[in-house]
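See structure below.
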Amino acid sequence: MRGFRPTDHVPRRLVVKSDRFAHYALAASQQALDDADLDLATIDPFSVGISCGNNSGGWDICGRGFEEYYRDGPTMVNPWQATAWFPTAPQGFVSIHHGIRGFSKSFAADRASGACGIAWGARSIRWGHADVVLSGGSEAPITRLGVAALVSTGELSRADDPAESYLPFDPSRNGLVLGEGSAVLLLESLEHALGRGARIHGEILAVEQRTGDPEDAGVLERAMAAALRRAGAADGVDCVIAEGSGTFHGDRGEALAIARVLGRSVPVTAPKAAYGHLYGASTGTDVACALLALRTGVVPPTAGTRRADEQCPIALVTQPLETPVETVLVNSHSREGTTVALVVARPHEDRNAA
Amino acid sequence: MISDTLTEILVGLGFPESDINADARLRGDLELDSTETVEVSLELKRRLGVDVKLESDQDLTFREVCEKVAEQLPARA
């Protein structure tokens with residue numbers, strides 16, 4: 001990530017011991033806490049959890065560790081290799097750094113890793129396990145080894161021209177481009193947020209997770225329909241932030257599923273076309289885009305895509321769209337069929353007095 | 001200078017140079033954890049080719065570590 005200096009966000013001793021994807025998570029977690037104006041020292045550490053997605057682990061430190069092992073021998077491998085690469089490292093480092101002790105989990109589920117993190121974060125609040133959950137995920141796969149591993153998924157765009165590389169729902173779509181970063185949302189029970197006079201950006205009305213045959217887009221339909229039902233949004237939503245994997249069959253299946261559940265006129269967008277697919281950080285970023293759309297009344301475009309493929313019967317947003325936005329559906333759908341649909345809404349009017 | 005190299009290693013691990021002095025014990029004063037102690041040994045090996053074990057029960061001072069390194073280095077002209 002250009003311009004990101006880990007030591008601007010993380011104490012140097014901790015930077016040394018951890019991989020870039022943990023640096024991103026530590027930075028984003030701190031920003032989430034600052035934005036929420038919440039000092040964790042003032043609340044019960046067992047009432048705070050972390051629910052975090054990551055797909056790839058820490059490839060940067062793996063590259064270093066492999067070199068140390070093969071070049072200098074097994075006794076010369078850095079002492080952080082085992083703890084720093086592991087996909088649960090962001091959860092671990094963030095919880096140690098902030099003294100968080102509550103119900104926490106990490107999720108590795110391909111493109112839906114971050115969505116699972118948010119789904120379980122919301123669920124743990126509903127179950128009463130936590131009042132506050134740092135929820136989202138982190139991803140840093142752009143190293144020589146990381147990209148080599150992800151090429152084998154067959155999902156990466158092979159276009160030479162960056163402008164033609166990630167075109168969700170476009171007739172000439174040819175795969176996705178990897179992004180890097182972390183997105184952390186501070187989820188909070190409504191009672192807890194109201195009790196401390198928190199500034200509420202949005203309310204999660206529903207999160208539904210389903211798993212199905214990866215070839216069958218029916219799983220997306222079932223997840224979306226269940227989320228709309230739980231959200232009480234029988235009339236639909238004002239916009240959809242799609243998975244938009246950029247694969248030929250994936251986008252077609254998702255478009256057909258959206259059209260069947262919500263019709264062909266609801267605005268659909270995939271803002272990740274502009275910054276790449278963030279896997280563990282993907283849904284957190286999509287929800288942040290949804291919250292901005294709720295605040296500004298502008299649906300962000302699917303950058304790069306000129307028009308939706310005829311086989312994708314949706315109203316794709318390719319230029320910023322001004323429209324009243326009260327509710328947004330966010331989709332996440334993995335290569336192997338893990339699927340999450342989430343409905344987020346503008347906070348109730350009388351809940352942000354100031 | 002061995003002490004310059006050891007200082008560089010500790011600063012690289014994130015310890016403020018102002019905390020580092022000849023009498024500072026690595027664990028008791030600087031508060032190195034076990035992984036950082038291992039990494040100091042590995043860096044001394046990488047940079048100077050010496051095998052200095054720091055993981056023992058004895059909490060060595062900065063000066064004592066320099067002395068252990070000096071014992072292993074060939075005499076300088």
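Just so it is clear: chains get the letters A, B, ... in the order the sequence lines come, proteins before strands, and each one is counted from 1.
Looking at A:R12 and B:F15, their side chains never come closer than 4.5 Å, going by heavy atoms from C-beta outward.
No more than 12 heavy atoms of other residues, nucleotides or ligands lie within 6.0 Å of CZ in A:R144, so this atom counts as exposed by the packing criterion. Surrounding CZ of A:R5 are at most 12 heavy atoms belonging to other residues, nucleotides or ligands under 6.0 Å away. Residue A:Y275 places its OH atom among more than 12 non-hydrogen atoms of other residues, nucleotides or ligands, all under 6.0 Å distant. Within 6.0 Å of CG on A:D37 lie no more than 12 heavy atoms contributed by other residues, nucleotides or ligands.
A salt bridge links A:R13 with B:E36: the distance from a Lys NZ or Arg NE/NH1/NH2 to an Asp or Glu carboxylate oxygen falls below 4.0 Å. A salt bridge is absent between A:D72 and B:R46: the closest approach of a Lys/Arg side-chain nitrogen to an acidic carboxylate oxygen does not fall below 4.0 angstrom.
Of all heavy-atom pairs spanning A:V16 and B:G12, the tightest one is CG2-O, 3.4 Å. Taking all atoms of both residues into account, the shortest heavy-atom contact from A:T75 to B:L42 is O-CD2, 3.2 Å.
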Using the side chain to side chain contact (heavy atoms under 4.5 Å, CB included) rule, take B:D33 and A:K17 through it: C-alpha gap first, then chi angles, then the decisive distance, then the call.
CA-CA 11 Å; B:D33 67 21; A:K17 297 173 184 177; 2.6 Å; yes
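For chain B, the nearby part of A:V77 is the backbone; its heavy atoms alone come within less than 4.5 Å. Using a 4.5 Å cut-off between heavy atoms, A:T83 makes no contact with chain B at all.
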